[in-house]
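Chain A is the first sequence line, chain B the second, and so forth, proteins listed ahead of strands; every chain is numbered from 1. Because the structure is predicted, anything quoted here is derived from the model rather than measured.
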Amino acid sequence: MTSEQKRTLALYYCQNVPASGERERQDLEEKYGRGIRLFTVPCSGRLEPIHLLLALEEFADVVFIITCPEGVCRYSEGNKRAKKRVEKTRAIIASIGLEVERIGMIIGSKENPISLADHARAAMERTLKLPPSPVHN
Amino acid sequence: MPSKYMIHTKTVTNRFQPVSKSGIIAWEEGCLKCAVCVKKRCVYNVYDKRGIDSRHMIESIDNLCMNCYRCVQNCPKELIHKSLNPEFNAMGDSHWSPPIIVRLWNQSQTGKIPVSGAGYPGPFSGPGFDSMWTDMSEIVRPTRDGIHGREYISTAVDMGKTPEHLMFNGSDTLEGEVPSIIDIPLPIILKMPSFGTISPNTIKGWAMGARRLGTLIALPMEKIDSALEDMGGCLMPLVLPRGTSIGNIPKNAKIIEIPWTEEWQGVVEDIKGYIPNLFVSVRIPMAEGMEEKALSLARGGISIIHLEGSSMSRFMDDNTRNLKDGIRLVHMKLVEENIRDGVTLLASGGLAMAEHVAKAIICGADTVFVDFPILIALECRMCRRCTKGLSCPVEIDTASPGWVASRVVNLIGAWHNQLIEVMGAMGIRDARRLRGEVGRAMFFEDMDRAAFESMGQVEEGCELE
Ligand code: SF4
Ligand code: SF4
């Protein structure tokens, strides 16, 4: 087992993230094995604190949301709302003594579009900086 | 008259939340906190029963919603939206499309015929279509109790060589022996699909389903283990020409299948030497030269031929040619050579809906194999993760044999009812009579030719002015 596989990253991503089709998703799972759980959403604004907390409670050490760039959300402000919900959820986990870094967010860039695989790599790097979640121990 | 063949179905619950076509996006920010929120007014109480399946993060709301759009339209701040679910669109491929997968799931859950809204707004031909329509001119009234309730329609078919005539001697007794046949109550044989997270329990469940239906299940010889010992009668082992030991063929098996090889005669002789009464089906790929292969098998005394198309319902060597055309070619070749009744033609490859069974038979097959639908019946999403060694999202291998059997019985029960409805609408009362009955179908190419041929042709590269 590689060090990457010792943590589990739950990655929620907006369907508009570049190169985020089913094939790319399976490629990532082949690469990271059980260390990554990928959930595609029609819009990052669909996510509520419950989705992030449930992942932390059930299996994840770290949860990340990848949104589309600001100003291009198909639902006009889904990504802005996602940001607020991340902040709200961070406050909840801080109140129970968990590190706020266990919930991360990456906002895509309009000028420099980044593929799901590259986002996943960045999120995984940040995941590995944290110790395993005490929730599962 | 023999008693009616009925498939008894009952609802078999899903083990996982299905993937819904669309989902609800409800913003909280900006909510006016109305005295009675539109969510409370949902007539299906969708919002009251919210649950999240943490394995796939699927919201129960999305599966319960009936898409009436009442909440979407009535929220004064327009905070509720419906969106297409990207997970839904990611399922399957161009042939095993998400709507087909969902229809198969529903039939396997309920055992009922799928009902869709009135009218069909889509195209009728073009890429992905078989461009074939069945003739429903005998429909005289809507069915209230299902056609099975009041009419006798037989779906039974025979496999093996039927005699051209009977001979009687002076004392009115039959002369010679009537060749034996395998008789199954519906023109469908189950077949283990070529991929899937399949465990011995899955196979046992499929075999139990086949036994309850009275049909067979085709599966590779090496998959037959001691758990299937008492089910030999419903197994159709797929044997490698020389690889498998003939001695492993279950003693009570009635039929086996071998793939085409130039030396098929020797292989068949070896097998018959071991179990003389065994039926042997020979499988030929739907590809260049299949007519000649079929003819040589028929002339050589093989009474069951399996024509195998691709899992996308196409020729094996040409994905622009449809399964139906391959079946028609081989069927017509056997008819032209006056040998058709000496052979049972089995067809397989991408049959995904009940209507495909009727269409394959109209094109000339006697019986069809159903493979991937029996996997999709177990909630498979056709994601093909299993082919890469990734985990199965619906853990098919952990399903109990009883659940597997009941889901398959439901699916085939629903298909059987649709077959009967289609046959009734065509005025056909016996599945054996449907074979090759192209007069009960319309083919786009034929109609197109009839309507427009006299107007000339457009040369390739030329533009219409
Ligand atoms: S669209 Fe209709 S069925 Fe669906 S949640 Fe809203 S009110 Fe209920
Ligand atoms: S759901 Fe996917 S992984 Fe599971 S059997 Fe079907 S194709 Fe394979």
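In terms of modelled atom types and a separation under 3.5 Å, the side chain of B:Asn85 and the main chain of B:Ser20 share a donor-acceptor contact. Side-chain atoms of B:Asn410 come within 3.5 Å of backbone N or O of B:Ser108 as a donor-acceptor pair. Judged by distance alone, with hydrogens and angles left aside, the side-chain atoms of A:Asn79 form no donor-acceptor pair with the main-chain N or O of A:Ser44 at under 3.5 Å. Side-chain atoms of B:Asn14 do not come within 3.5 Å of backbone N or O of B:Gln17 as any donor-acceptor pair.
Contact between A:Leu9 and A:Ala123 at its shortest, heavy atoms only, is CD2-CB, 3.8 Å.
For the pair B:Phe88 and B:Val102, the minimum side-chain heavy-atom distance is below 4.5 Å. At a threshold of 4.5 Å between non-hydrogen side-chain atoms, the residues B:Cys71 and B:Tyr47 count as touching. A heavy-atom distance below 4.5 Å is found between the side chains of B:Met91 and B:Val19. Contact check for B:Trp27 versus B:His81: side-chain heavy atoms found under the 4.5 Å cut-off. Side-chain atoms of B:Asn319 and B:Met312, non-hydrogen and from C-beta on, never get closer than 4.5 Å to each other. Considering only heavy atoms from C-beta on, B:Phe372 comes within 4.5 Å of B:Ser194 through its side chain. When side chains are defined from C-beta on, A:Arg7 does not count as touching A:Tyr32, because their heavy atoms never get closer than 4.5 Å.
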Candidate pair A:His119 and A:Tyr13, rule ring pair (Phe, Tyr, Trp, His ring centres under 6.0 Å), full reasoning: CA-CA 10 Å; A:His119 281 310; A:Tyr13 57 98; 9.6 Å; no

Pair B:Leu378-B:Trp206, side chain to side chain contact (heavy atoms under 4.5 Å, CB included): steps then yes or no: CA-CA 10 Å; B:Leu378 314 180; B:Trp206 282 333; 3.8 Å; yes

Between B:Ile25 and B:Lys82, is the side chain to side chain contact (heavy atoms under 4.5 Å, CB included) condition met? List the steps. CA-CA 6 Å; B:Ile25 301 180; B:Lys82 285 225 69 166; over 6 Å; no

Go through the steps for B:Arg70 and B:Val43 under the test side chain to side chain contact (heavy atoms under 4.5 Å, CB included), then give the verdict. CA-CA 9 Å; B:Arg70 188 178 179 193; B:Val43 288; 3.5 Å; yes

Could you go through the side chain to side chain contact (heavy atoms under 4.5 Å, CB included) check for B:Leu323 and B:Asp130 one step at a time? CA-CA 8 Å; B:Leu323 186 86; B:Asp130 56 16; over 6 Å; no

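For a heavy-atom cut-off of 4.5 Å, chain B lies close to no residue in residues 98-115 of chain A. Within residues 57-69 of chain B, the residues having any heavy atom closer than 4.5 Å to a heavy atom of chain A are B:Met57, B:Glu59, B:Asp62, listed by residue number. Against chain B, the residues from residues 45-56 of chain A that qualify, each with a non-hydrogen atom under 4.5 angstrom away, are A:Gly45, A:Arg46, A:Glu48, A:Ile50, A:His51, A:Leu54, A:Ala55 in number order. Applying a 4.5 Å heavy-atom cutoff, the residues of residues 380-401 of chain B that approach chain A are B:Cys383, B:Arg384, B:Arg385, B:Lys388, B:Leu390, B:Ser391.
Of all the listed residues (A:Gln26, A:Lys84, A:Gln15, A:Glu57), the one sharing the greatest number of non-hydrogen pairs under 4.5 Å with chain B is A:Gln26. Among A:Pro42, A:Cys43, A:Ser20, the residue with the largest count of heavy-atom pairs under 4.5 Å with chain B is A:Pro42.
Cation-pi check for A:Arg37 over A:Phe59 is met; the charged atom lies under 6.0 angstrom from the ring centroid and within 45 degrees of its normal.
Both the backbone and the side chain of A:Glu29 come within less than 4.5 Å of a heavy atom of chain B.
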